[in-house]
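All figures in this text were calculated on a predicted structure; none of them were measured in a lab.
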Amino acid sequence: MPMAYDPTTHLLLTPEDNEAPERVVRLRELGIGDVPVPEFDEFARELARITSAPYAMVNFIDEHRQYFAGLYTPAAANAVELGPLPQAPAQPGRVMARDHGYCPHVVVRRKALVLEDVCDYPRFAGNPVVDEIGIRSYLGAPLIDRTGTTLGTVCVVDQEPRPWGREGLETIKTMAGRLVDRINARGTAAD
């Protein structure tokens, strides 16, 4: 049985991110901001294919929100804003509050996170994406550029528990490394 979201408890679970202001500056230097990037959308599509996950994202995080510059969802060609819908479950969209999801944990930890069933972890089971979207499993890795800045994450999620295992962990880390190489190339051109 999924745990219900308790906003008073949840506020304590989102990690404090002291590097967010520097990250925002670096993202601006790289020309990554509030618009979808077709290359990142294609990357998310490939990540979903490789992992057989229904949702994949390239996520950049500032002080208040997350922005999916790359997004793959099977049901919609165009992403919509995340928000609870009374008649149907919400779909992942391009913008999400910083306290939703698991990517902020990956950014602050600076290492990959594997949650085969989020409901097995009290710290993560109360996250609003569990009740609002029905997320049950998560696999994500940080995007750390050549300056040492953690820019964001690549991740996949599913509405069913998934046995990602060591193979999934290695895959997400490898894919994050590939995208960081592309981002570093952008940075070289911008510098």
Handout entry: Under 3.5 Å: donor-acceptor pair, side chain of Q66, backbone of H100
Key = yes
Exercise for the section: Measure the spacing between CZ of F68 and OG1 of T153 and express it to the nearest 0.5 Å. Expected result: 7.0 Å
Exercise for the section: Taking all non-hydrogen atoms of both residues into account, name the closest pair between A56 and A44 and its distance. Expected result: CB-O, 3.2 Å
Fill in the blank from the handout: Between P74 and P54 the two heavy atoms that sit nearest each other are CD-O, 2.7 Å
Exercise for the section: Could you walk me through whether L151 and L30 pass the side chain to side chain contact (heavy atoms under 4.5 Å, CB included) test, one step at a time? Expected result: CA-CA 10 Å; L151 303 172; L30 293 168; 3.7 Å; yes
Handout entry: Heavy-atom closest pair, residues P142 and A176
Key = O-CB, 3.6 Å
Problem - Test item: N184 side-chain N/O and R146 main-chain N/O as donor-acceptor pair under 3.5 Å - result: yes
Exercise for the section: Of all the heavy-atom pairs spanning E116 and G165, show the shortest one and how long it is. Expected result: OE2-N, 2.9 Å
Problem - CD on E160 to CG on D117, rounded to 0.5 Å - result: 9.5 Å
Handout entry: T149 side chain to D145 backbone, donor-acceptor under 3.5 Å
Key = no
Practice task
Group every Ile, Leu, Val, Met, Phe, Trp and Tyr by side-chain heavy-atom contacts under 4.5 Å, then state whether V106 and L71 land in the same group.
Solution key: yes
Fill in the blank from the handout: Output for pair (T150 OG1, I61 CD1), nearest 0.5 Å, gives 9.5 Å
Exercise for the section: Look up atom CG in L143 and atom CG in D181, then write down how far apart they are to the nearest 0.5 Å. Expected result: 11.0 Å
Exercise for the section: Run the numbers on E19 and R110 for side chain to side chain contact (heavy atoms under 4.5 Å, CB included), then give the verdict. Expected result: CA-CA 11 Å; E19 296 178 2; R110 298 176 60 93; 3.8 Å; yes
Practice task
Could you name each residue pair satisfying salt bridge (Lys or Arg N to Asp or Glu O under 4.0 Å) that touches residues 53-63, not counting sequence neighbours?
Solution key: D62-R65
Practice task
Show your working on side chain to side chain contact (heavy atoms under 4.5 Å, CB included) between V129 and M96 and close with a plain yes or no.
Solution key: CA-CA 10 Å; V129 297; M96 191 161 62; 3.9 Å; yes
Handout entry: Separation between CD1 of I172 and CD of E170, rounded to the nearest 0.5 Å
Key = 11.5 Å
Problem - Cluster link L179 to L169, ILVMFWY, side chain under 4.5 Å - result: yes
Problem - Pairwise distance CG(D17) to NE2(H64) - rounded to 0.5 angstrom - result: 11.0 Å
Handout entry: T73 side chain to Y55 backbone, donor-acceptor under 3.5 Å
Key = no
Exercise for the section: Check P15 against P104 and note the closest heavy-atom contact, atom names and distance. Expected result: CG-O, 3.6 Å
Practice task
For the pair Y138 (side chain) and V118 (backbone), establish whether a donor and an acceptor sit closer than 3.5 Å, ignoring hydrogens and angles.
Solution key: no
Practice task
List for me each residue that meets salt bridge (Lys or Arg N to Asp or Glu O under 4.0 Å) alongside R45, sequence neighbours excluded, and say none if there are none.
Solution key: E42
Problem - Residue pair Q159 / I133: nearest heavy atoms and the distance that separates them - result: NE2-O, 2.6 Å
Exercise for the section: Take R23 and F60, measure what side chain to side chain contact (heavy atoms under 4.5 Å, CB included) needs, and give me the verdict at the end. Expected result: CA-CA 9 Å; R23 179 179 315 108; F60 299 102; over 6 Å; no
Exercise for the section: May I ask whether Y72 and M57 are part of the same hydrophobic cluster, defined by side-chain heavy atoms of I, L, V, M, F, W, Y residues being less than 4.5 angstrom apart, directly or through others? Expected result: no
Problem - 4.5 Å side-chain heavy-atom contact, R186 and V37 - result: yes
Handout entry: Within one Ile-Leu-Val-Met-Phe-Trp-Tyr cluster: V24 and V107, side-chain cutoff 4.5 Å
Key = no
Exercise for the section: Could you tell me whether the side chain of R182 and the main chain of F40 form a donor-acceptor pair under 3.5 Å? Expected result: no
Practice task
Please confirm whether the backbone N or O of V154 pairs with a side-chain atom of N59, one donor and one acceptor, at under 3.5 Å?
Solution key: no
Problem - ILVMFWY cluster, L113 and V108 together (side-chain gap under 4.5 Å) - result: no
